[in-house]
Structure formats: C-alpha cells, structure tokens
Visitor: 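Got a structure for you, questions after.
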Amino acid sequence: MKQNGAASQVDVGAAEPLAGGLRPKCAAYVLALRPWSFSASLTPVALGTALAYKSLGRLDLAISLLAALAVLAVHGAGNLVNTYYDFTRGIDHKKSDDRTLVDRILEPQDVVRFGAFLYTLGCLCATSLYFLCQLKLEHLALVFFGGLSSSFLYTGGIGFKYFALGDIIILITFGPLAVMFAYAVQVGYLAISPLLYAIPLALNTEAILHSNNTRDMESDKHAGIVTFAIIIGPTLSYVVYNILIFIPYVIFCILATHYAISLTLPLLTVPLAFSLERQFRSQNYAKIPQMTAKLNLLLGLFYVFGILLAPPGTLPS
C-alpha cells in the first residue's frame, strides 16, 4: 500500500538524499492515516453543517473549518490506534491491507507519537470552538470526547472491535455524533433532528466496516478475534451488506416523496451500489471497502446538496 522511494536518491548529492528521504517519510505518515476512509467523517460534518445552515440561514466559516479539522484529527488518530493494536495483537500480517507496521514503513513508536499529536490537535480545535461558539462547555465536551473515546476504544483499551462490538461503535460515532457535533457548534445547542438525518449516512458508513470485516474473516479467525461478520457467516454478511447500502435509498425516497424532491439526488449513486452488490455476491472482496467508501462520499455529497437545495420550510424538523 505504501512505497519507499528513497533508495534511488542516494548518489545525487548532499541535498538530494535528504529530500528523497523526507518525501517518502511524509507520504508514509499520510498513507498511515488511510485517507480513503475520511469520507466517513467528512460527509457527516458536511451534513451537520448543511442542517445548521438551513436552520440559521447563515454559517460561521471558522467554526465549520475547526469542526471539520477536529473530526478529521480524531478519525485519523483512531485509524493509527487501529493500526498499532492490530499489529501488536498479531492481526496484521503479510496479506494485510494496512502495510504501515507490517512492512516497517513506520515504527510502532512513530505511529503512537503521530496518534498522540492528532488527538492533541483535535482537543485544541475543540477548545478553540468553545471560545467561538455558543454551545455549553458540558455539551461540547460530551459530544467531542464521546467521539474521541469511541475512536480510541474501537481497538485500544477495551478493544470493542475484537469482541464483535466494533459495528456499534462505528454506527454511533461516524454518523450521529459527527453530525450532532457539526450542527451543535453552529447553532449553539443540542437537538434530536440531526441524529435522525444521520441515519442514512451511518448505515452506509457501517457498510464500509462490514465489507472490510467480511473480507478479513479468515485472517481475523486465525488471529483469535470475533467480528459480527464472523458470527453471522458469509451468506448473512451479504444480506446485511445489502441492507446497509440499500435502506438509505428507501429513506431518501420517502423523504423526497413527502418533503423535498431535491432529496432524490442521492439516488444517482444507485448504479454504484448495485455494482458493489454484485462484487460482494461473487465474494470479490479485495477492493469493496475502498469502493464502498467512494459510494459513501458520493452519497453523502448528494445528500448534502439535496438538503441545501430543499425549499425553505420543507424539511422535517
């Protein structure tokens, strides 16, 4: 997944080796974050921001950017925690998709330090938000540190992932909490409606994790961990995957029929969803998590555009 291209720079002069070594190192840090998965956090933030805009009729750009950076930092740190604990527990191996520690592209201490830096960055963003927005401190802390704790405990500490509880963590964190956070820092209070709007995105995001766990069933069994996909087996995993990617379209159809026709925009991604269904049915799992993340990004963007284009007063509150 990651490549080290420093060797070709060795004999080019004094400055060239330094640059040649620095660039691959920076690239390794970026790839260790698994940036292809960031749609799972960016689209909920965009949705919460769009809902706040429809409610207020305005947006604070600085708050929007800080909220997005805080969520991205926590998400990236959570990915690094996942990398570290999967490696130390012997789950990552020669066939693993994440090559960061398996191929010694980064050392374990590098991953730990980078994760600590990102958690610190997220906390600094949350602190800045406290001074910029009207949200009560206890409410801000509840939502932000709820998401931060979930990102760590998914594989760190208790390690919910290893006891078939990771799916619940993902459903709560990458959806309801992220949407609520982005919404609340804009409007200054907590509300129930963003949680309901988050349901389609949360289901689609869970499809990314479920497809990843289905692909890795054999290696996870060998490592002695238990996931929901292992418990239900390949056939029911296929059924669950279909539920996760197609139920959101049913919700969009209901919303478009009863409230705003612009909410049909996410239906433009249906062909990609059917393509993923066929790949999953044929058990061609190799690229399904990444392609499901692409579906998640496109579906989330069309959902946000549908919210923004809805005539005033038509959306359910």
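Quick caveat, the model's predicted, so the values are computed rather than measured.
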Visitor: Under the ring pair (Phe, Tyr, Trp, His ring centres under 6.0 Å) definition, can you give me all pairs with a residue in residues 106-142, not counting sequence neighbours?
Guide: Tyr29-Phe114

Visitor: For residues 52-75, pull every pair meeting ring pair (Phe, Tyr, Trp, His ring centres under 6.0 Å), keeping only residues two or more places apart or in separate chains.
Guide: Phe38-His75, His75-Phe174

Visitor: List for me each residue that meets side-chain contact (heavy atoms from CB on, under 4.5 Å) alongside Leu165, sequence neighbours excluded, and say none if there are none.
Guide: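 Counting only residues at least two positions away or on another chain, Leu165 forms a side-chain contact (heavy atoms from CB on, under 4.5 Å) with Phe160, Ile168.
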
Visitor: Checking side chain to side chain donor-acceptor pair (under 3.5 Å) between Tyr162 and each of Asp86, Thr155, Thr227, Asp220, which is the one that passes?
Guide: Asp86

Visitor: Can you name the side-chain contact (heavy atoms from CB on, under 4.5 Å) partners of Leu66, sequence neighbours left out?
Guide: Cys125, Ser128, Leu129, Leu132

Visitor: What residue pairs, at least two apart or across chains, pass ring pair (Phe, Tyr, Trp, His ring centres under 6.0 Å) with a residue in residues 211-244?
Guide: Tyr241-Phe280

Visitor: Which pairs, with at least one residue in residues 167-195 and sequence neighbours excluded, count as a salt bridge (Lys or Arg N to Asp or Glu O under 4.0 Å)?
Guide: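 As it turns out, there is no salt bridge (Lys or Arg N to Asp or Glu O under 4.0 Å) pair with a partner in residues 167-195 once direct neighbours are skipped.
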
Visitor: For the atom pair CG (Leu267) and OG1 (Thr269), what is the distance rounded to the nearest 0.5 Å?
Guide: 7.0 Å

Visitor: What residues, two or more places apart in sequence or in another chain, satisfy side-chain contact (heavy atoms from CB on, under 4.5 Å) together with Val179?
Guide: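 By the side-chain contact (heavy atoms from CB on, under 4.5 Å) rule, Val179 matches Pro44, Leu47, Leu51, Pro194, Ala198.
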
Visitor: Give me each pair satisfying ring pair (Phe, Tyr, Trp, His ring centres under 6.0 Å) with a member in residues 292-317, each pair once, sequence neighbours excluded.
Guide: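 Pairs touching residues 292-317 that pass the test: Phe252-Tyr303.
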
Visitor: Enumerate the residue pairs fulfilling salt bridge (Lys or Arg N to Asp or Glu O under 4.0 Å) with a member in residues 305-317, sequence neighbours excluded, ordered by first and then second residue.
Guide: none

Visitor: From Asn204 CG over to Thr292 OG1, what is the distance, rounded to the nearest 0.5 angstrom?
Guide: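 Rounded to the nearest 0.5 Å, the CG-OG1 separation comes out at 7.5 Å.
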
Visitor: Just grab all the salt bridge (Lys or Arg N to Asp or Glu O under 4.0 Å) pairs involving residues 257-268, residues at least two apart or on different chains.
Guide: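 Residue pairs with at least one partner in residues 257-268: there are none.
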
Visitor: For Ile254, what are the other residues in its hydrophobic cluster, where any two members join if their side-chain heavy atoms are less than 4.5 angstrom apart?
Guide: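 Besides Ile254, the cluster holds Val250.
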
Visitor: Mind jotting down which residue pairs meet the salt bridge (Lys or Arg N to Asp or Glu O under 4.0 Å) criterion with at least one end in residues 255-278? Sequence neighbours excluded, please.
Guide: Glu277-Arg281

Visitor: Hey, could you give me the OG/CD1 distance between Ser282 and Ile288, rounded to the nearest 0.5 Å?
Guide: 7.0 Å

